[in-house]
Every structure is written in C-alpha cells, then in structure tokens.
Amino acid sequence: MWVTQKRLARDVARWREAGWVTAPGETEILKELAKGSGPGLAGALAVLAAVLLGFAVMSFVAANWQDMPRTLRLGILFGGLWAAYGTAGVLFQRGLDLFGHAAVLAGVAIFGASIMLIAQMFHIDGNPPDAVLMWALGALLAGTALRSNPALAFAMVLMVVWYWMESAAREAVYWPFLFGWAAVAAAFTWQRWLPGLHIAALALSIFTVFIGYLVNRGHAHELVVAAGLAAAAASFAGARIEPRFEALWSAGLTYGAGTAFAGLYAMQFLENILLYDGVQDAPRLIVTAMLSLALALGAIAWGFRSGNRALLWSGYIGFSLEILSLYFKTVGSLIGTSLFFLIAALIVAALAALAWRLHARETSEVTS
Amino acid sequence: MTLPRTRIWPAVAAVVLIQSAALGWMVWDRVSLLTSGREIALDVIPVDPRDMFRGDYVILGYDISRLPAALVPPNLKYGTRLYVTLERGADEVWTPVAASETYSAPEGDLRVVIAGRLQDGTGAVSAEGATHWIRYGIESYFVPEGEGLAIEAQVRERKIKALVSVGPDGKTALKGLLAGGKLIHAQPVL
C-alpha cells in the first residue's frame, strides 16, 4: 500500500490522540520517516541528467558514425558494452539493485545494437532471425549470470519474436522455438520469479494458439482445444498429486483453459468468417458454443472453489465474450439464436439453483 | 533471487567476455574472409531503380540469383545450402554452370564456387524454363546517408558491379561497388 508521508504523519497524530502511540514515539516515527524517503528530488534529477547525457552521447555517435573508421566504431561498441555491464556491477555492489537491472538491460540493448551495427558495417546479409536468436541468447546469459529478471523477460520476448520470424518465413510451425522457450522458462524457475512463469505460460499459450492457424492450412484449432484441455486436466490432476507446486497448477489451469477457449473461439467465429450466416454449419456451431460456455462456467465454478481469482475472472470474460459473439453471429437464424440463449439461460439457472443447494447444505453442515 | 556480493564481478566478467567473444567472432569471420578471399566482380541488377540508393540500405540483385531449374537437384526444402559453380565468360560475366549440396573446389581460374541458400523448395519435377531463387548473403549493401543519390546517377549510366570476396568454403562477403571497372564505393576492411 502506497502511503504518503503527509498521510502517515496525520495518522500518527491521530493515533497519539487515541492513546495508541506516545508523544515521544510520534517524534521518533516522524524522524525515521524523514530519513528513509530515498534520494528524493536531488537523486531523481541526477538520474534524469544521466539519461540526457546518455542520449547526447548516442546522438553524437550517430552523427559521426559514417565518418569513423571501422576500428573506432568497433571500439565504441565494445566499450559501450563493457561500460554498461561494468556499471551494473558497481550498482549491484552498492546495493542499488533497481539501477543495476537497468544497466544490465542497457548492456543487453547494446549487445543487440552491436549485432545489427556489425552486420551493417560489413554488409553481412545472414538470416535475420539468427540475429534475433543471438540477441535472445545474450539476454538469457545476462539474465541468468547476473540474476536479472528484466533481462530474462526480454529474452522471452526475443524468443517469441524469433519464432514469429522463422514461422512466418516458412508458413509453418517452427518447433525449435520450444528449446528456446524451455531455456528461458528454466531460468525463470531457477530464479523463482513468479511473473516470469506467467510470461513463460503466456508465451507457450500464444505458440499453441497459433498452431491452429499454421497447421493444416489454418484449420487445426481442434488440436489447440485438445492441447489446452489436456494442460488444464493435467494441472487439475497435478494439484491433487503434488500440491506443493500450487502456483504452477493454478497457472496451468488458467492458461490451459484460456488456450482451449481461444481455439474454440477461432473454430466458431474466425474460421467461417467469410461464409454468410445462412450457409454456416449450425449444429457444429451449437456444439462448440456449448463447449465454450461449459468451459467458461467450469472456470468460474472452479475459480470460486479454489480461490483462483485469475481463473474466475478469465471465466467471466470468456463467458461474456462468447455470448456477445454469438449474439452478433446468430445461430442459424435469429429465432435459433433466441432459442439457444433461452436454453442456455435455463441450464445456467438450474446450475445456480444446484450451487445454492450445495452451498446451503455445506453451511448447515458447518454450523450443525 | 539476487546476486551475492562475492559473485557480482565474476558474473559480470563472464557476461562481458562471452558476449564480446560472440561479437568478436562475427567481426573476425568477416575480416578474414575479406582479407584472404578471392575477389570476383558480379553484375548487379537494380532491384528497384527508383529507390535503389535512397536511404542507407540497398538490396542488390544478381543474374546468378535465379538458377535455372535444370541445374538444381530436385526435392530440396526451403533453406537448403547449395554450392553454385560459376564460370567466367569472355565478357567477364559469371554464369552458373552447376549446383550441388556439397562443396567441391573449383578447377582453374575461370571457375569459382559460392555458397547460397535456396529460397523456395524444389519439387520432384520442374516446369520448362523455371528458375529457383538463391540467396548468397551479398544482397544487402549499406550506403552512408547522403551518398546514395550520387551513386544512383552512376547506376543509370553504367552498369554497377559488386566486388565480392569468396572464401575457401564458398562463403561470400561484399567488399565494395564498381562502376565501369572503377571502385566507386568501398571501405578499408578495418
């Protein structure tokens, strides 16, 4: 909770009046507050000055780049690389971790820029995705060796870009992505960084969803649904067998369900986008729509049950997205749509009644 | 998890050394190719005569970028490495005479072997007169800003040739541009 100094001073005065804090105690607390407020304005301005200086240096270099002999250019690139990581080392040593991570990111950025600029200098015309992969591996190295999570996050982003470039060139799934993904995901696990695991799960989900568009000329969404459901089922089972990895299982459940939903959504609304409403395959639409709604409801139910807020809200969003899209698409005919919604409403109402009865029974068991 | 104090500098050193080594390898690979490779001059086809030297990045096309299907082995995938044998004709123009998946040293001064990658797959049977697109790694030329227009004027009048360095394994590197036999654009290797 972000509490301002003024607010805290007012609160402490109030607590003193209520007798919870003594007068000398209040003085000490306020003294402590004034001390620990960080570098303050002077520090912030110093950082901004450093940033401006950095941009001045970069612009100067860019302006004179063409006139420099290659040796000088290489000297600047290597020097910049060493300076960035050296600065990171100094900052980490001083305990200024936040700035240290920024310096590591600067080093990774300079590494990437160096790859591009060296290629430009020597007219190297290799495979562009290879340059991105090299950059990703550099980011992975920096993130792992220096324990820098921002660098690892950037490494995952680069891996996804690398995958996108390679798969776009081939118009097919580029499976080696999974090796790169696994390397960065392993680093996230080793670092025990929870946001990193989410980034990894998100990247894998995106990869899976796109398989539906790349395999079998863009009609392999059934595979995506199956994969998503399998991941969700495995996470479900895993939570029972090995409750230790709770974070992993709840993430697996949410991302698996989300992937399956994305596949079902594509099957319903994105595949047949060029067909008129009259020609579409109504029975197939009904089945997939029912599956989508069941999935969303299941997510909501389990979200409540297990206290998984992400899953709960994903369920709500999925449900809303599904019925809105169905409304616009129409199920065969307008009357058909109305009938569909009526039946769905009846089913959900019945489920609500059932849930209420279970809840009532549970609370009566608890109180009796 | 953050880095323990004692491990900071060894970690920094490791990252710096490995990343510098990777970049250094890029540079050394090129420099050795440019200084010790065999020089040949290839005719350049402007890809887009209007935009050719606008900005600082130029796409160079070559006659040899399109190989007759008869020369290319069948059933190859996109990205397959091919070694193309070029022969120098009386008019100083290099034409492809053979292509294979393995490297074999060229015989004589009139022949040279360069490595490229297939940019479209070959089927079992090719149509009459079909060609396949090969990328040799010499298709990008970076021109300093402001110099492009001057060079473009020369392109319109005379034919531009690319000065290429060929290594013992068929790898190629761009050394500079020639117009009418004269070097109009090149930089010292280092």
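Below, chain A is the first sequence line, B the second, and so on; all start at residue 1. These numbers were taken from a predicted model, which means no experiment stands behind them. In what follows, every heavy atom counts, from backbone to side chain, and hydrogens, waters and symmetry copies are set aside.
No side-chain heavy atom of A:Arg147 sits less than 4.5 Å from a side-chain heavy atom of B:Arg7. Residues A:Phe122 and B:Met26 fail the side-chain proximity criterion, which asks for heavy atoms closer than 4.5 Å. Side-chain contact between B:Val16 and A:Leu81: absent, with no pair of heavy atoms (C-beta onward) separated by less than 4.5 Å. Using a 4.5 Å heavy-atom threshold, the side chains of A:Val90 and B:Trp9 count as touching. Between A:Ile124 and B:Asp29 there is no side-chain heavy-atom pair separated by less than 4.5 Å.
Looking at A:Val104, there are no atoms closer than 4.5 Å to chain B (heavy atoms on both sides), in backbone or side chain. Neither the backbone nor the side chain of B:Ala173 has a heavy atom closer than 4.5 Å to any heavy atom of chain A. Interface remark: B:Leu34 contributes side-chain atoms only to the contact with chain A (heavy atom separation under 4.5 Å). Of the atoms belonging to A:Phe111, heavy atoms from both backbone and side chain fall under 4.5 Å from chain B. With a threshold of 4.5 angstrom between heavy atoms, A:Met134 approaches chain B through side-chain atoms but not through N, CA, C or O. With a threshold of 4.5 angstrom between heavy atoms, A:Leu74 approaches chain B through side-chain atoms but not through N, CA, C or O.
No more than 12 heavy-atom neighbours from other residues, nucleotides or ligands sit within 6.0 angstrom of CG on B:Asp109. Counting heavy-atom neighbours within 6.0 Å of A:Phe78 CZ, excluding the residue itself, gives a total above 12. No more than 12 heavy-atom neighbours from other residues, nucleotides or ligands sit within 6.0 angstrom of CH2 on A:Trp164.
The stretch residues 169-181 of chain A places A:Ala169, A:Arg170 near chain B, each with some heavy atom under 4.5 Å from a heavy atom of that chain.
Of the listed residues A:Pro69, A:Gly86, A:Ala88, A:Ala84, the one with more heavy-atom pairs under 4.5 angstrom with chain B than any other is A:Gly86. Residue with the most contacts toward chain B among A:Leu141, A:Asp67, A:Thr71, A:Leu72: A:Leu141 (heavy-atom pairs, distance under 4.5 Å). Counting heavy-atom pairs closer than 4.5 Å to chain A, the top residue among B:Gly79, B:Ala11, B:Ala13 is B:Ala11.
Here the closest non-hydrogen pair linking A:Phe92 and B:Arg5 is O-NE, 4.0 Å.
With hydrogens and angles ignored, the 3.5 Å screen pairs no side-chain donor or acceptor of A:Gln93 with any backbone N or O of B:Ile8.
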